[in-house]
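Side chains are part of it too, since the values below use all heavy atoms of this structure and drop only hydrogens, waters and symmetry mates. Sequence lines set the chain letters: A, B, ... in the order given, protein chains first and strands last, and positions in each chain run from 1.
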Amino acid sequence: MNCVEYQQMISRLVDLELKAAASTELFEHLGKCAECREFLDTMMKLTAELDKVGMPLEHSESISDKRFYVGDRMSAPRMAGPRSFRSRISTFALLIMLTLFIGLLFSVNISAQRTQEPIPQELVQPR
Amino acid sequence: MHSPEDSELLSQIRSGNERAFTDLYNKHRRRLLAYCFRLLQDRVAAEDVVQVAFQKAYESLSSLNKPELFFYWLYSIARNEVYSVVRRTRKNGTISSIDDEKDIWDEETPHELVLKNELAELVQYHLNHLKLEYREVLILRQYDKLSYAEIAAITGDTISSVESRLFKARKALAKKLAPYFNEEEKS
Ligand SMILES: [Zn+2]
């Protein structure tokens with residue numbers, strides 16, 4: 001698999017549409033590819049920034065005056081609240097989750113590399 | 001999305017309670033309006049589209065075989081209206097092919113001089129300049145929080161086409177915005 005394909009997986013990951021087996025494969029690749037790590041980072045930032053501009057109607061309530069006519073009856077629309085807190089939480093949670101996951105991945109990598117190095121004798125032998 | 005409540009309201013409408021349609025309207029109008037507004041960037045046009053979409057939905061309710069899919073059906077009606085509005089207002093009356101990979105940016109949306117101070121303004125600016133076909137999948141995913149399958153149900157595309165458009169749209173936006181992300185980090 002090449003980096004473009006992994007970057008497609010990153011786009012799916014951001015959308016929470018990536019299957020578990022594929023994410024294992026992706027994170028393995030991320031552990032050794034700086035370009036794709038940067039892509040993931042950019043995608044996360046983009047998602048967060050897009051979320052910030054995603055409320056075109058929040059400050060304009062005049063639309064609440066609209067009515068829908070069924071025959072000649074009229075109904076008063078019920079106003080929905082601003083964009084749900086939950087949807088913002090989910091992006092935020094995803095960001096944190098991924099940051100933790102990548103952090104964990106790196107710490108695992110580093111400790112894996114350490115165990116491959118010869119262990120200094122003075123640390124092995126009891127003093 | 002396809003809450004049992006929609007089906008319940010639809011069955012009430014079918015058994016003669018027309019007022020139940022206004023409940024459907026109240027339930028979905030604001031969200032549908034936000035979707036249309038994001039696509040059209042024109043408040044009045046978006047409101048018109050929503051009214052027309054509900055009107056058309058009301059008139060053709062009998063053709064909806066699966067009441068649990070009302071939400072997607074309604075969205076796809078609104079989407080078609082959005083596309084007709086765009087077609088009407090386009091100089092050449094066409095919407096470009098979505099298969100052209102290189103062509104993600106909309107050349108017909110007027111490009112003012114980009115002098116944006118805020119990152120949010122830049123993001124909004126570039127989002128607005130994505131071609132409709134790319135913008136709509138991003139909007140449905142990002143703001144309507146729909147799954148690929150749900151988006152495909154609305155746009156009439158395959159899931160893999162939805163996925164590929166999302167990827168291309170994000171990649172194109174990232175290319176424009178990444179330098180500013182880094183700038184913001186430094187400041
Ligand atoms: Zn890579």
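Using a 4.5 Å cut-off on side-chain heavy atoms (C-beta onward), B:L69 and B:D6 make no contact.
In the model, B:Q51 has a side-chain atom that pairs as donor or acceptor with a side-chain atom of B:Y25 under 3.5 Å. Side chains of B:Y35 and B:D144: a donor-acceptor N/O pair is absent below 3.5 angstrom, by distance only. In this structure, a donor-acceptor pair under 3.5 Å is present between the side chains of B:Y83 and B:E136.
There is no contact between B:I139 and chain A, counting heavy-atom distances below 4.5 Å. In this structure, the portion of B:R141 lying under 4.5 Å from any heavy atom of chain A is its side chain and not its backbone. Heavy atoms closer than 4.5 Å to chain B are found in the side chain of A:E17, but not in its backbone. Both the backbone and the side chain of A:Q7 come within contact range of chain B, with heavy atoms under 4.5 Å apart. Both the backbone and the side chain of B:L166 come within less than 4.5 Å of a heavy atom of chain A.
Annotation: maximal heavy-atom pairing with chain A below 4.5 Å, among B:A149, B:S164, B:S147, B:A46, occurs at B:S147.
Other residues, nucleotides and ligands contribute only 12 or fewer heavy atoms inside 6.0 Å of the CD atom of A:E38.
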